[in-house]
Structure formats: structure tokens, C-alpha cells
2 protein chains.
Amino acid sequence: MQPSFEQQLINKKVKPTAMRLLVLEILNKELNAISLSDLVAKFEYAEKSTLFRTLKTFEEKRLIHRIDDGSGIVKYALCNNECDDIHEDEHIHFVCTQCKNTICLNEVKLPTIELPNNFTLKNLQITAKGICNKCNS
Amino acid sequence: MQPSFEQQLINKKVKPTAMRLLVLEILNKELNAISLSDLVAKFEYAEKSTLFRTLKTFEEKRLIHRIDDGSGIVKYALCNNECDDIHEDEHIHFVCTQCKNTICLNEVKLPTIELPNNFTLKNLQITAKGICNKCNS
DNA sequence: CTTAACTTTGCAACTTGGTTGCACAAAAAA
DNA sequence: TTTTTTGTGCAACCAAGTTGCAAAGTTAAG
Ligand SMILES: [Mn+2]
Ligand SMILES: [Mn+2]
Ligand SMILES: [Zn+2]
Ligand SMILES: [Zn+2]
């Protein structure tokens with residue numbers, strides 16, 4: 001059984017305010033990665049800056065991770081639970097060119113890349129573009 | 001022997017104006033990918049919008065390719081010549097976390113990625129972060 | 001050569017995403 | 001309760017990217 005939203009926040013040492021609970025609820029419902037503006041749009045009346053800071057806090061406290069899918073707009077998605085220690089977000093993101101959704105592909109293994117001499121790799125950021133499973137069916 | 005800048009433009013069906021020649025010259029000198037603001041900074045007195053449109057034209061006419069290296073700022077680099085037909089920019093980009101340069105790694109092979117069922121891949125965008133050869137030596 | 005048509009440039013203005021300062025409200029600590 | 005810390009609302013700001021429009025420059029037609 002899933003911990004309550006409140007418990008999720010407390011676990012990550014984030015004070016569970018009303019605002020934060022609402023945002024966490026949205027992020028839990030959401031299948032795809034969402035941007036700040038996406039988030040703002042989900043409220044009838046919302047303060048962009050408050051939501052911005054909420055996302056920032058969530059990221060710092062490792063509830064969510066930040067995704068740059070090449071669209072120029074940063075998106076966020078819930079971390080999978082293993083994220084506690086590493087918080088590396090070592091997985092591929094898929095951008096559907098049709099429905100425009102950005103999806104975390106947690107299952108797909110990251111490839112190994114051979115860099116030229118004297119280049120040291122810290123991390124890989126991979127975005128796959130194409131048609132998603134929903135649009136394909 | 002390299003074709004002149006003027007010839008490079010004519011080959012790609014771009015009218016060789018003074019402005020465009022200057023920009024192409026800069027891009028040819030430049031080893032790393034540069035942003036619009038980088039480009040603006042290379043002129044003592046320059047119109048952002050003109051340079052913007054120059055880059056746009058160059059991209060459309062396939063003299064340069066656009067790079068999203070995850071910094072949130074789009075950068076541009078000369079296409080290698082094979083680009084004529086495909087213009088896919090199928091290579092990895094490397095971002096040095098120290099000198100902040102973005103480098104096209106034309107040599108490195110793109111890996112093959114296995115996507116989940118019903119996902120169709122159109123293209124992969126890979127950014128490797130770490131320390132570049134210069135900073136490492 | 002002269003005029004008309006089209007292209008490029010300069011300049012100002014605007015949009016959007018992201019970010020900050022500040023004052024007030026709310027909560028926690030003393 | 002008073003003090004201190006934390007969160008929120010609001011306005012303002014910044015940078016990147018983009019556009020409308022008119023002037024300047026080029027090319028094509030008469
Ligand atoms: Mn992800
Ligand atoms: Mn490149
Ligand atoms: Zn889709
Ligand atoms: Zn470097």
C-alpha cells in the first residue's frame with residue numbers, strides 16, 4: 001500500500017502544507033512529466049512563484065526530478081522510490097512527437113558510450129523522440 | 001581545399017550578404033557550439049534579431065545544426081558536409097562541466113536503444129556531461 | 001536607365017519561462 | 001505570549017527567443 005501524500009512529504013522532510021499536498025497529488029496522478037506552466041494551468045487560481053518554489057523544494061528534497069527533454073522547457077516527474085540515495089535520474093525520457101508528452105522510461109537500460117581519449121563521463125542525458133505507445137495503438 | 005565562405009553559402013543556396021559571411025566565418029573558426037548571445041557578443045555592434053534570422057536561415061538551409069545540450073539555451077554548430085541529404089545530426093554532444101563548452105562528438109557511434117512495446121523511435125538526442133579533453137590535460 | 005518587386009536589415013516591442021525582493025500570514029520554537 | 005522561522009502572494013524583473021514594420025539594398029522587368 002502507498003503511503004499517504006502527507007506521509008510522502010514527511011518522509012522526505014518536507015512540511016506538508018496545503019499547497020504542497022495539492023501539488024504532490026497532481027504529480028502522483030500525472031503519468032507524464034509536467035512543466036511549471038502545466039502545473040499552473042491545473043489550478044483555477046494559482047501563484048506561479050509559489051508553485052515554482054514548491055517544485056524547487058520538491059526537487060531539492062528529491063521527491064521529483066527535473067527533465068530536460070530538448071523542448072527548452074524543463075519538466076518534472078515523481079522520482080521512483082529508489083531515488084533516495086542516488087538521485088541520478090539515470091533513465092531515458094521519451095518525447096512523443098504526436099501527443100507531445102514526455103514519458104520517463106524507467107525500464108530501459110542506459111547504453112554504454114565510448115568517449116574519445118581524455119574525455120571523462122559524469123552522466124548521460126538521453127531523449128528518444130518518436131511515437132508513444134498510446135499514439136501508436 | 002576548402003571552398004570559400006562565399007562559395008559555401010552559394011552551395012547551400014543562401015545569398016552571401018556581408019552579415020552572413022561574417023557569421024559563417026565565425027562559425028567556421030569556432031570549435032564549440034555557440035548560442036545566439038554568444039554570437040551577438042562576438043560583434044562590437046550587432047542586431048540580435050538579424051543574427052537570429054541569420055542562424056535561422058543557416059539552419060533551414062542546412063549549414064548549421066541546432067543543439068539542445070540541456071542547458072536551456074540552444075546552440076549551433078556547423079554541419080559536417082555529409083549533412084546535405086540527411087541533416088539528422090546523429091551524433092553525441094558533450095558538455096564540459098568545467099569550461100562549459102559544448103562539443104560535437106562526430107566520431108562517437110550512437111548506441112542502439114531498445115524501447116518498450118509500441119514505442120516507435122524517430123531519433124535519439126544524447127548529451128554526455130563530464131570533463132573535456134582540454135580541461136583534463 | 002527606371003521602375004517595380006522582392007529580400008535583408010535595424011529597431012522597437014513583445015512573449016514566455018524562469019526567478020527574486022519584499023511584506024504579510026502561518027507555524028514552530030522559546 | 002512573544003520571538004523566530006518558514007511559507008505564500010504579489011509585483012517586478014531578467015534572459016532568450018521571436019515578431020511587425022519600415023527603411024535600405026538587391027534583383028528583375030519594362
Ligand atoms: Mn524521468
Ligand atoms: Mn553537433
Ligand atoms: Zn504520443
Ligand atoms: Zn572543458
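Naming convention: chains lettered A, B, ... in sequence-line order (proteins, then strands); numbering from 1 in each chain. No experiment lies behind these values; they were computed from the predicted model shown.
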Query raised in the report: Whole-Å distance between C/dT7 C1' and B/R20 CZ?
Result: 8 Å

Query raised in the report: Hey, is the side chain of B/R53 poking within less than 4.0 Å of OP1 or OP2 on D/dT18, counting only N and O atoms?
Result: no

Requested in this report: Check whether the side chains of A/T102 and A/D69 place a donor and an acceptor atom closer than 3.5 Å, and report yes or no.
Outcome: yes

**Report entry** Selection from D/dA16, C/dG10, D/dG9 that lies nearest to any side-chain heavy atom of B/I73
**Finding:** D/dA16

Requested in this report: Kindly point out which of C/dG10, C/dT20, C/dT8 is positioned nearest to the side chain of A/F52?
Outcome: C/dT20

Query raised in the report: Nearest of D/dT27, D/dG17, C/dT9 to any side-chain atom of B/K15?
Result: D/dT27

Report summary line: Whole-Å distance, B/K13 NZ to D/dT27 C1', equals 18 Å

Query - Separation of atom OH in A/Y45 from atom C1' in D/dC10, rounded to whole Å - result: 9 Å

Report summary line: Side-chain contact check for A/K56: nearest option of C/dT20, D/dT8, D/dG9 is C/dT20

**Report entry** Test item: A/K100 side-chain N/O and A/T97 main-chain N/O as donor-acceptor pair under 3.5 Å
**Finding:** yes

Report task. Compare side-chain N and O positions of B/T17 against OP1 and OP2 of C/dT8 and report whether any pair is under 4.0 Å apart. Result -> no

Query raised in the report: Which sits closer to the 5' end of DNA chain D, A/E47 or B/S35, going by the nucleotide each is nearest to?
Result: A/E47

Report task. Answer whether the closest heavy-atom distance between the side chains of A/F94 and A/I131 falls below 4.5 Å. Result -> no

Query raised in the report: Out of C/dG18, D/dG17, C/dG21, which nucleotide sits closest to the side chain of A/L36?
Result: C/dG18

Query raised in the report: Where each residue is assigned the nucleotide of DNA chain D containing its nearest heavy atom, which of A/A18 and B/V74 is assigned the position nearer the 5′ end?
Result: A/A18

Query raised in the report: Any donor-acceptor pair under 3.5 Å linking the side chain of B/R20 with the backbone of B/K15?
Result: yes

Query raised in the report: Which of these nucleotides, D/dT19, C/dT9, D/dA16, is closest to any side-chain atom of B/K48?
Result: D/dA16

Query raised in the report: Under 3.5 Å, side chain of A/N136 to main-chain N/O of B/N118, donor-acceptor pair present?
Result: yes

Query raised in the report: Phosphate oxygens OP1/OP2 of C/dG17: is one of them under 4.0 Å from a side-chain N or O of A/S37?
Result: yes

Query - N or O in side chain of A/S49 less than 4.0 angstrom from C/dT19 OP1/OP2 - result: no

